[in-house]
Amino acid sequence: MRVRSLELHRLAVPLVRPFETSFGRQTGRQVLMVRVRTDVGDGWGECVAGTDPVYSSEYVDGCEDVIRHYLGPAMLAADDVTAEGVAALFAFVIGHRMAKAAVETAVLDAQLRAVDTSFASYFGAERTEVDCGVSVGISPTIPALLDEVSLYVSQGYRRIKLKIKPGWDLEPVAAVRDLLGTDALLQVDANTAYTLLDLDHLRRLDEYNLLLIEQPFVEDDIRSHVSLAGAISTPVCLDESIVNTELALDAIDRGATSIINIKAGRMGGYLEALALHDACVEQGVPVWCGGMLETGVGRAANVALAALPGFTLPGDTSASDRYFAEDLTEPFVLHDGRLTVPTGPGSGVTVREELLGAWAQRPVEVLRAG
Ligand code: OSB
Ligand code: MG
């Protein structure tokens, strides 16, 4: 296909409640949405980068800049663009995976819509619905946390993930384990808030029958994750560190991680995410689908990915109303703790143009060839 233009939409999307992690508290999301307009039709991709470079080195203004100055012009100059060729087209730019993923996903959406194929069938999804978990932020108090967890349990979520940090770990985990009972699926996510000096403290999490502990140490520090994994019985799962398949396989070989959180946005796109999924299936390493507070556009693709056979643990694929009073697309609604995998062409969801206008932070920027 030929890409005629790329549109950069910057939206301010309100959250239904603040979301707090070890790296900060947010009350809304600044979202970059990319629309490609091609000779075979249009496609959308959502950029998962946050407002500030605190989860990864990427941030939304930086993504916009790299698309404007590098990725967009390269794509507009190409005679024949395919989703499978996007990674090679963008290889001259080092890193910037979240920006690359947004553009690649928009191209894939356009490409698949043109041949009436869903993301799910292109990915090789085997399920029509996926088990859903929910990520629960750091609360002001334990009672407030228990209220929030109780709400999600009553809504049917099949797994709870608690954000932890030093000073907010053993106590909230113990209280939630008590609330849920011994067998309910419970895991924790530290978002790099600890160091190896905390090893003895982290070992105390073993008491709570957790599915896993996600990313206790900084993303480059594979060695400390190896040490921790050897010292605790709770499985260690990497998130931030997993930026491509090669590094993931290396971390698995070294014993740093025995479960992988796959986020396509963090890995440069769904094609790289598929490659990692396949490699993990081959190695017998369970994977689950992470999230980045996506609107319906990103959520649709995540739900399709989570329907692949290697995704054996519930993902952070929660319903639209976990984060948004109104979603940018038709809402994703939980049924018996599951979301239905979209079956329509491309992402299978439709962007509500009126919300693009209502949430616009600034006028749409259009990149054209020449
Ligand atoms: O570490 O998984 C994470 C949100 C933003 C950035 C990083 C993370 C998260 C979440 C929420 O945990 C996932 C979601 O519900 O979309
Ligand atoms: Mg995480």
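Each ligand, and each atom within it, is numbered from 1 in the order the structure gives. We're numbering straight along the sequence, starting at 1.
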Is it true that the side chains of [X] and [Y] contain a donor and an acceptor less than 3.5 Å apart?
{"X": "Thr82", "Y": "Gln111", "result": "no"}
{"X": "Tyr208", "Y": "Asp178", "result": "no"}
{"X": "Asn191", "Y": "Glu240", "result": "yes"}
{"X": "Glu219", "Y": "Thr192", "result": "no"}

Under the salt bridge (Lys or Arg N to Asp or Glu O under 4.0 Å) test, which residues partner Glu46, sequence neighbours left out?
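For Glu46 the salt bridge (Lys or Arg N to Asp or Glu O under 4.0 Å) partners, ignoring immediate neighbours, are Arg29.
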Run the salt-bridge test on Arg352 and Glu326 with the 4.0 Å N-O cut-off and return the result as yes or no.
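Looking at Glu326 together with Arg352, the answer is yes, because their closest N to O distance falls below 4.0 Å.
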Qualifying residue, where the test is salt bridge (Lys or Arg N to Asp or Glu O under 4.0 Å) with Asp316 and the options are Arg159, Arg322, Lys263, Arg299:
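For Asp316, the salt bridge (Lys or Arg N to Asp or Glu O under 4.0 Å) check succeeds only for Arg159.
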Examine Leu112 and Val40 and state if one hydrophobic cluster contains both, with Ile, Leu, Val, Met, Phe, Trp and Tyr joined whenever side-chain heavy atoms are less than 4.5 Å apart.
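Leu112 does not cluster with Val40.
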Suppose we screen for side-chain hydrogen bond (donor to acceptor under 3.5 Å, both in side chains). Which residues come up paired with Asp206, at least two apart in sequence or across chains?
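Asp206: side-chain hydrogen bond (donor to acceptor under 3.5 Å, both in side chains) contacts with Ser233, Thr234.
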Do you know how many protein N, O or S atoms are within a distance smaller than 2.8 Å of the Mg ion (ligand 2)?
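Under the 2.8 Å cut-off, the count stands at 3.
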Enumerate, one pair per line, all nitrogen or oxygen atoms of ligand 1 lying under 3.5 Å from a protein nitrogen or oxygen, stating the separation to 0.1 Å; write 'none' if no such pair exists.
residue, atom, partner, partner atom, Å
ligand 1, 1 (O), Lys163, NZ, 3.1
ligand 1, 1 (O), Asp189, OD2, 2.9
ligand 1, 1 (O), Asn191, ND2, 2.7
ligand 1, 1 (O), Asp239, OD2, 3.0
ligand 1, 2 (O), Lys161, NZ, 3.0
ligand 1, 2 (O), Asp189, OD2, 3.4
ligand 1, 2 (O), Asp239, OD2, 3.3
ligand 1, 2 (O), Lys263, NZ, 3.0
ligand 1, 12 (O), Ser135, OG, 3.0
ligand 1, 12 (O), Lys161, NZ, 3.2
ligand 1, 12 (O), Lys163, NZ, 2.8
ligand 1, 15 (O), Tyr323, OH, 2.6
ligand 1, 16 (O), Met292, N, 3.2
ligand 1, 16 (O), Leu293, N, 2.8

